[in-house]
Amino acid sequence: MTIDKPAATGKLSSEAYHNNLQAALMQFDPEVHKLITKEYERLQGTIQLLAAENQCSRAALAALGSILQNKTSEGFPEARLHGGSGVMDEVEKLAIERAKKAFGARYANVQPHSGTTANQIVITALLKPGDKILSMATSHGGHYSHGFIDSVTARFFNIESYHVDRDTFLIDYDEIRKQAKRFGPKLIICGASAYPRTIDFARFRQIADEAGALLLADISHLSALVMGGVHASPIDYAHLTTTSTYKPGGPRGGLILSGKDYDHKIKTASGEIPLWQLIEKTTFPGVQGTPYFSNIAAKAVFFKEALSEEYKTRQVRVVENSKRLASILLRKGYNVLTGGTDNHLMLVNVAGKSQNLTGLAAQQCLEQCGIVVDKMLLPYDNNPNGVSGIRLGTPIITKNGMGATEIDEIAGFVDAVLSNLKSSGRAIDQSIADHVRKQARELAAEFPIR
Ligand code: DSN
């Protein structure tokens, strides 16, 4: 590959400038280039059963690796601190309009650098230090940024956690209602990183209204399904909704949305201000500086994808694949929490599968065989050996075109690994590992990254 160089007398066209970026990297830094290649080959050769990841399109990757990343321009469209921001205004306005359309929202803020930062912006905007938050316990599926003991959220705010039911592992709305009335939170957070069932956002809003609280829905794990119309939307129930943008298949980053409450008046030290304006002030200069414009451009590309029929149809298939995988594992005798799934993920308690087996050992043995999953702490998990669960998800394999036939094969691979562990429960027979690894690699090769 050759790299285009500026002619002595002329500039490169934008196309020539942006072309062959990988060749430029290979020439300047073969070490980093080699690691990127290594990761690409790892992904192409394995089955990615991850719930918290997805695959950004090449079009969005191109926007990420563009000259837009050089621009420093704090503020919002038409109100920037820096000169030369006209194109950035156009980029950001395009991303905002598409985000609003994709989610049916009245307000969208595309600047947050991540889902966690989006949550921090919302929480900081709405609360004063010491104010009360009622959120899902991290060990029961809530996200770290909702109030995990070591998070900034827990450091500055008064957190009480709600839990899933001990027997059913389902959210107990009546219990949360009682808790909210007693605790008196200023903010309730709903949305989870590890909850396999539908979340009733309307019910959460009822609870928040009764308790005089505001409601934040963090739908990072559900936003693809919400855009695809296969999970109810929180946009008009929650005062604010946040999501990361990579989990639904876009670039890394975060997003803050609002529906009918977008101009709900909030009392602040300097008087009443509409919710959306408070969010913007808290984004900049409150929490962040310059937005990542290449990232915002990639978000715009992604929202265009999310508005397509292909994307919506794919989300239906993500859930079909997930339900199928869960039901096969159940039939094979696995302890799938809540007895299945309504969304893209499932939680499997592997502790009972063989003596000493932990989620970590299951994750490691599966990975040795080319199947990538996440170990998971489960609700009420008190396994002395470590966490008991694994979390499996279907967004990536579905994006790459896998369907029912492949799900059946994958369920067979998972079972072949977890049913054939050595008696220590921490290792797999090399011959079985080699066999499954080969089959997994062959299957992955039929469905290359898209
Ligand atoms: N939400 C986390 C997860 O689900 O793994 C990642 O931020």
Side-chain angles (χ1 to χ4, degrees), residues 43 48-56 112-123 133 135-154 159 161 164 169 171 189-199 216-227 231 234 241-257 287 295 299 302 315 318-319 322 326 337-338 341-348 359-360 362-364 366-367 371-379 381 386-399:
L43 293 167
Q48 300 290 312
L49 283 187
L50 295 168
E53 273 181 46
N54 214 313
Q55 259 163 216
C56 189
H113 299 327
S114 70
T116 290
T117 314
N119 287 338
Q120 285 167 352
I121 291 166
V122 169
I123 292 167
I133 300 177
S135 58
M136 194 173 200
T138 318
S139 56
H140 286 221
H143 188 256
Y144 288 110
S145 60
H146 299 177
F148 183 63
I149 189 154
D150 291 331
S151 68
V152 164
T153 320
I159 313 293
S161 303
V164 294
F169 297 107
I171 290 175
I189 306 180
C190 59
S193 289
Y195 187 70
R197 295 299 183 174
T198 301
I199 296 181
L216 162 63
D218 175 352
I219 57 164
S220 293
H221 268 269
L222 294 176
S223 53
L225 306 186
V226 167
M227 285 187 282
H231 191 292
T241 296
T242 53
T243 177
S244 57
T245 46
Y246 66 90
K247 284 196 184 79
R252 276 195 178 267
L255 177 68
I256 302 173
L257 300 152
V287 174
N295 180 276
K299 286 174 182 171
F302 165 63
Q315 303 320 313
V318 165
V319 177
S322 179
L337 265 58
T338 78
T341 179
D342 296 330
N343 59 32
H344 64 304
L345 69 83
M346 68 212 69
L347 302 172
V348 183
L360 175 61
Q363 175 191 300
Q364 289 169 339
L366 285 163
E367 188 161 350
I371 297 148
V372 186
V373 303
D374 285 323
K375 65 179 178 302
M376 201 50 39
L377 178 67
L378 300 175
D381 201 339
V387 304
S388 297
I390 53 174
R391 180 182 64 179
L392 293 78
T394 51
I396 300 175
I397 55 170
T398 308
K399 170 136 200 213

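Predicted model, so just to flag it, every value in this text is computed and none were measured. Atoms within a ligand are numbered from 1 in the order they appear, just like the ligands themselves.
- Side-chain contact between F148 and H143 is absent, with no heavy-atom pair separated by less than 4.5 Å.
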Verdict with reasoning, H146 to D218, per side chain to side chain donor-acceptor pair (under 3.5 Å): CA-CA 9 Å; H146 299 177; D218 175 352; 2.8 Å; yes

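- Taking a 6.0 Å sphere around OH of Y144, one finds it holds 12 or fewer heavy atoms contributed by other residues, nucleotides or ligands.
- For ligand 1, residues of the protein lying within 4.0 angstrom by heavy-atom distance are A52, H143, S193, H221, Y246, K247, R391.
- Side-chain atoms of H231 and V319, non-hydrogen and from C-beta on, never get closer than 4.5 Å to each other.
- The shortest side-chain heavy-atom distance between K299 and L255 does not fall under the 4.5 Å cut-off.
- The salt bridge (Lys or Arg N to Asp or Glu O under 4.0 Å) test applied to R252 returns no partner, not counting sequence neighbours.
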